[in-house]
Amino acid sequence: MSGAPTSPSPARLLLRGGTVVDTDPHVTARPDTDVLIEHGVIAAVGHGLSAEGAEVLDARERIVLPGFVDTHRHVWQSVLRAVAVDSDLGDYLGLVLGRLSPAMRPEDVYAGNLVGALECLDGGITTVQDFSHVQHRAEHGDAAVRGLRAAGIRAVFGYGYPPFDPAARDPRHVRDLRERLFAGDGPDDLVTLALAPGGPSYTPIELVEEDWQLAADLDIPLAVHVGSGPVARRPIEALRERGLLNARTLYVHGNSLPDDELAMIADSGGALSIAPAIEAQMGHGAPMINRARALGLVTGLGVDVVTSTPGDMFSLLRAALLTSQLADGERLFAADVLRMATIGGAAALGLADRIGSLAVGKQADLVLLRTDTVNMVGAAHDPAGAVVASAHPGNVDTVLVAGRTVKQAGRLTHPARIEAVTAARSAAEHVAAAI
Ligand SMILES: [Zn+2]
């Protein structure tokens with residue numbers, strides 16, 4: 001059940017004559033290439049494909065690429081945009097999680113998740129890992145899931161506990177939410193469930209064990225913030241000692257972790273989500289993008305918080321590239337960060353068999369970028385490089401999720417996009433009154 005009020009997917013859709021940028025096994029660009037979609041799945045990629053029985057979309061003057069995957073974002077904070085632009089991590093925690101989060105009503109969470117997910121889609125992010133640590137009450141979780149579903153985005157909903165509200169950590173709420181909202185979830189559901197607990201850096205190991213057991217009982221993946229301390233100075237080693245390292249855990253940030261702990265993550269089959277813009281801005285530690293690559297970690301990119309940084313992947317691609325230039329170690333190139341934003345993110349979320357590239361058989365999560373614009377003209381020289389170096393959300397012409405059109409001719413198709421903005425504005429005013 002997606003519940004998404006988006007256009008129905010045509011049985012056959014042919015994207016005709018685009019510049020197709022694929023990202024796996026490496027970044028390639030093919031001019032004048034068609035993409036055929038059947039029942040929401042990529043059926044063929046090639047030149048001169050038959051349009052028989054298909055709706056045809058003219059993709060000339062467009063770059064066609066896989067939808068972006070944001071592997072770490074607190075979507076509920078979309079109603080708190082730019083409240084912490086000049087804050088370091090400590091100030092952000094005190095203001096946003098300490099004072100504003102408790103003021104969020106379920107309707108504010110719904111408004112934040114709907115408008116935040118629409119912002120993702122508007123900029124070509126077709127999949128988001130929503131680390132949703134605003135569940136002060138069970139109703140907040142329901143509202144968050146409904147907001148994602150209403151947007152029509154593909155999402156991994158990470159049920160999280162508010163860090164400064166210990167009473168809200170109630171595993172029964174997670175079990176109950178799964179029963180009610182994810183009972184029938186199958187491979188075609190756009191929104192799936194994960195657990196996003198405090199983790200070993202911030203929670204006593206006894207509670208960590210309970211959380212890991214809950215995820216195992218529910219057969220759902222985990223996502224956790226990690227760093228050296230304040231609870232465990234070596235959190236990954238702490239997990240290893242308890243037998244809790246597993247391949248279904250996504251570790252977020254980790255700038256302060258030493259290489260040997262990052263190697264433990266790699267050995268376990270777990271993955272890393274880095275948020276280069278926010279880590280640099282808030283002072284999480286030295287950029288780690290080069291270390292992650294050197295250690296062979298499956299790595300995706302995350303916006304993290306729009307309280308302090310932009311919510312689009314183009315900005316993040318640039319941040320990733322710049323921090324790589326500044327960090328120790330072997331630098332990355334444009335193609336590397338483009339892979340992190342697509343197939344790398346998909347792999348980090350355990351979804352690489354379904355999304356992240358344009359392979360036949362994958363879900364048709366696609367983005368079409370205009371190249372007949374003042375900032376993209378000339379992109380034919382290096383289309384992938386232009387995506388990383390020059391593009392912005394205003395170039396996003398068309399976005400498909402599982403073959404459904406969620407943005408067309410530069411406009412979101414969601415019928416309630418205006419109301420979503422109005423509701424988010426009301427929520428922002430309500431929460432701001434708590435300052
Ligand atoms: Zn975060």
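Just so we're clear, the structure is a prediction, and the values are computed from it rather than from any experiment. Note that ligands are numbered from 1 as they come in the structure, with each ligand's atoms numbered from 1 the same way.
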Exercise. Answer with yes or no whether the side chains of His74 and Asp130 bring together a donor and an acceptor at under 3.5 Å.
Key: no

Quiz item: Can you tell if the side chain of Arg178 reaches within under 4.5 Å of the side chain of Tyr159, non-hydrogen atoms only?
Solution: no

Quiz item: Any ion pair linking Asp176 and Arg180 (charged N to carboxylate O, less than 4.0 Å)?
Solution: yes

Exercise. Say whether Ser101 and His136, considering side chains only, have a donor N or O and an acceptor N or O under 3.5 Å apart.
Key: yes

Quiz item: Centroid-to-centroid, Phe131 to His72, below 6.0 Å?
Solution: yes

Quiz item: What are the protein N, O or S atoms, given as residue plus atom name, that sit under 2.8 Å from the Zn ion (ligand 1)?
Solution: His72 NE2, His74 NE2, His225 NE2, Asp304 OD1

Quiz item: Sub-3.5 Å donor-acceptor pair from the side chain of Arg331 to the main-chain atoms of Ser324, do we have one?
Solution: no

